[in-house]
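To keep things clear, I will list the structure first and then write my remarks on it.
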2 protein chains.
Amino acid sequence: MRHQEDGTARQQQGGTARRRDGQRLLERRTTLAAIAAEAGVSLPTVSKVVNGRPDVAPSTRARVEQLLDQHQYARSGLRRHRRSGLVDLVFNGLDSPWAVEILRGVEEWGAQHETAVAVSSVRHGDARPASWTSALASHDTDGVILVTTRLTERQLGQLRSAGIPLVVIDPANAPPPEIPSVGATNWAGGLAATEHLLSLGHRRIAAITGPIDYLCSLARVDGYRSGLERAGVRFDQGLVRYGDFQHEGGFARAVELLDLPQRPTAIFAGSDQQAFGVYEAARQRGLRIPEDLSVVGFDELPVARWASPPLTTVRQPLAEMGSAAAQMLGELIEDRPLRSNRVELSTELIVRESTAVPAKSRESGK
Amino acid sequence: MRHQEDGTARQQQGGTARRRDGQRLLERRTTLAAIAAEAGVSLPTVSKVVNGRPDVAPSTRARVEQLLDQHQYARSGLRRHRRSGLVDLVFNGLDSPWAVEILRGVEEWGAQHETAVAVSSVRHGDARPASWTSALASHDTDGVILVTTRLTERQLGQLRSAGIPLVVIDPANAPPPEIPSVGATNWAGGLAATEHLLSLGHRRIAAITGPIDYLCSLARVDGYRSGLERAGVRFDQGLVRYGDFQHEGGFARAVELLDLPQRPTAIFAGSDQQAFGVYEAARQRGLRIPEDLSVVGFDELPVARWASPPLTTVRQPLAEMGSAAAQMLGELIEDRPLRSNRVELSTELIVRESTAVPAKSRESGK
DNA sequence: AAGTGTTGCTAAAAACTTTCGAAACGCCCG
DNA sequence: CGGGCGTTTCGAAAGTTTTTAGCAACACTT
């Protein structure tokens, strides 16, 4: 084994060291030769493993592959074009605490990959026309992450023709299948929220979701509907309202629902912000949460924990979604193939104190 | 052996030292050539490192970057007039809803001025060393806004010598007077909050502020103290606690305060997040807000309005602070003189439902 | 015009692939 | 049982591609 080490060390460092003299020659990228030395085989053999050549014994192959894996070996090269070290994160409105969670995830990835994250906000009805894509190009972006945005053919075309990689998070409309996207299991989340309320004994459960033309709104309501149907509770379209995911919308829709002749005993709010709107409407009417009204949110913003009462909500891993999207964008930028074009991170029901068994008196009215 | 010395020493000492002879050779601004000599590479190679060109070996790049950092290298060609249309917004941690408010202000300005905003987060105790400034330079930023950051001479020096304009928002420590800064009238806010509580009849008023080494923490507490003194109420150091501006700190400090033998009837929380921590502590102890405990926050985050009960707080115009800072940065970038080097936007007390007249029973004990 | 920094080009070195032959192994038949 | 023969496995060496760094010419600012 001694001679093996000699063999590789010579080639690798001999030249460099001589030239550089006393200088440090640290941090070498893991190279085939290094792997070979460690595995106790020759360099060509490692090369064969990497390229799936047939003439390697299974046991040898396994050993080398394990080392390869361990060293996170990536074949040198493939960094074709020069990177600017800047990616753009485009929100559809920056007014939600929601956004900052995503941003955190993306920024974290950026920090680890020496990449800056430029944040911008483009509202749908914005005065600024479609030219925002050219603005992106003007500062030489490496790639774009679009959040909750409605994608137009035109914009996609612009990005594509500029050769700018794109990943979308929670797209409003279904993106063309070739666009990588990241989302959460909205349907499952809606289902979990509804089943939780059903299991507490609620039967008259209302839902306030986001704008009707958002995919994630629909998915959440669909989960809600499935939950009801599976429990044999009739789905009542009159108990479904479309908000805007914001506090105001939640408040306004909650007011409508609470003024219904047969008031619901629980509201699935479709976003934490809307849930707080429901809180406000309930407070205005002197209804106590959860005694008189159970509320479930969606998102798990940090404030959900601190609300009074703490909000039962469906956790959406926002920061993780951000870093997952950034991760995918990174792969695209480096021209590596994507493992999957669609990533869905799972949601999780978090039960706190805003949900409880409904008051008997009110239920009896059926 | 002969050629070894040739490689590194030739240029460096043969040239410089001989020419200068007995003279001091320190004065010279560090130039690429000097770095190159020291690193034992050629000048163009250093240039490539500076510009993030891909054709430099990782080990070489690391060595050169280290030297660059050490020498506080700054490009010689005075101010670059070609603008990149990119400014950097650097937070000290991105975990607060606070941050997104500032971001909104800056982004708004950016949108109006065709400038992208790159967001990053550098924590004080961060593993990444001083080299974040060079990261900024590498993507060719037009200017930097630092938020709630502790400024070191070194960092300032790096930015200054790179000719990158800088504006700070709410600096932790007092910046050198020539650095433009934006803040709020923290002292007046603390005063207003305290006077409000006093006018309701509270006499035992506690304060939870931010970290003791933050200027804005001190100013707020100082306003609180002045309010007490003007009203003839003795200032009790035992009622002042230092949190972290976050929810957790507010909770922990509130627990301490509420467990005091003589419990305060009101708490000035120094930030909205901390105020919610106080809410939680109060809830745990079965204290009702505002009947048993009045709470005043600071910031006026959007959630303050939606909390239960809605939070009385001191509004800090965060978004305006962001756009004011961006505005100033814009002037600096265009080499226009600044109207003022220090902008203080005014705070405003917003009375909601978390403050009330203290319960008589408890006060009588005084 | 001098000082500084940038960039295309080229040569070299390094990293990786491929070819090919030798050793090791096993199998069959004499 | 042992030697010929084919097969498998691996490495030496030669070939190929990619990376790296310096040269020299160019660009920009005083």
Side-chain angles (χ1 to χ4, degrees), chain A residues 1 3-20 23 25 27-37 39-64 68 71 73-83 334-335, chain B residues 3 6-8 10-12 15-16 19 27-65 68 71 73-82 137-138 140 161-163:
Chain A
M1 30 172 79
H3 53 289
Q4 283 166 359
E5 288 189 335
D6 276 20
T8 56
R10 178 169 30 74
Q11 285 193 334
Q12 206 180 116
Q13 305 188 334
T16 322
R18 215 187 309 287
R19 212 179 57 238
R20 288 277 158 68
Q23 304 259 11
L25 27 108
E27 43 202 301
R28 257 198 151 342
R29 190 169 18 86
T30 49
T31 158
L32 287 192
I35 302 278
V41 297
S42 76
L43 187 154
T45 304
V46 181
S47 171
K48 285 171 192 171
V49 171
V50 169
N51 296 307
R53 277 345 196 57
D55 55 345
V56 180
S59 64
T60 309
R61 182 184 299 275
R63 190 154 33 94
V64 171
L68 243 25
H71 286 257
Y73 175 79
R75 80 202 119 187
S76 65
L78 288 200
R79 268 169 302 164
R80 193 146 271 107
H81 16 256
R82 168 157 168 241
R83 309 210 286 122
E334 298 193 349
D335 267 332
Chain B
H3 53 288
D6 273 42
T8 58
R10 180 177 21 86
Q11 288 189 330
Q12 196 182 151
T16 323
R19 211 175 59 236
E27 307 281 321
R28 201 107 186 77
R29 195 189 57 238
T30 50
T31 152
L32 286 194
I35 302 277
E38 202 171 336
V41 297
S42 76
L43 186 153
T45 303
V46 180
S47 171
K48 285 171 190 174
V49 171
V50 170
N51 295 301
R53 266 22 214 6
D55 55 344
V56 181
S59 61
T60 308
R61 183 186 299 276
R63 193 153 32 93
V64 171
E65 257 170 359
L68 243 24
H71 289 260
Y73 171 77
R75 241 172 274 224
S76 86
L78 285 199
R79 184 140 309 156
R80 296 188 305 290
H81 284 287
R82 197 190 76 231
S138 86
D140 198 26
S161 62

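In what follows, chains carry the letters A, B, and so on, assigned in the order in which the sequence lines appear, proteins first and then strands, with residues in each chain numbered from 1.
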Pairs under 3.5 angstrom, nitrogen or oxygen only, protein versus nucleotides 19-27 of chain C, please.
none

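Of the side-chain N and O atoms in B/T45, none sit less than 4.0 angstrom from OP1 or OP2 of D/dT20. A sub-4.0 Å separation between OP1 or OP2 of D/dT9 and a side-chain N or O of A/T60 is absent. Regarding contacts with the backbone of C/dT6, a side-chain N or O of B/S47 is found under 4.0 angstrom from either OP1 or OP2. The shortest distance between the side-chain N/O atoms of B/T31 and the OP1/OP2 oxygens of C/dG5 is below 4.0 Å.
Residue B/V46 is out of contact with every strand shown, counting any heavy-atom pair closer than 4.0 Å.
A search for side-chain hydrogen bond (donor to acceptor under 3.5 Å, both in side chains) contacts involving A/T60 returns nothing, not counting sequence neighbours.
A/R53 and A/R61 get closest at one heavy-atom pair: O-NH2, 2.6 Å.
Between A/L32 atom CG and D/dT17 atom P the separation is 17 Å, expressed in whole Å. The CG-C1' distance, from B/L43 to C/dG8, rounds to 16 Å in whole Å.
Take the nearest nucleotide of DNA chain D for A/P58 and for B/R61: the residue whose nucleotide is more 5' is A/P58.
With A/V64 as the partner, the side chain to side chain contact (heavy atoms under 4.5 Å, CB included) test is satisfied by one option alone out of A/V50, A/V46, A/L32, A/V56: A/V46.
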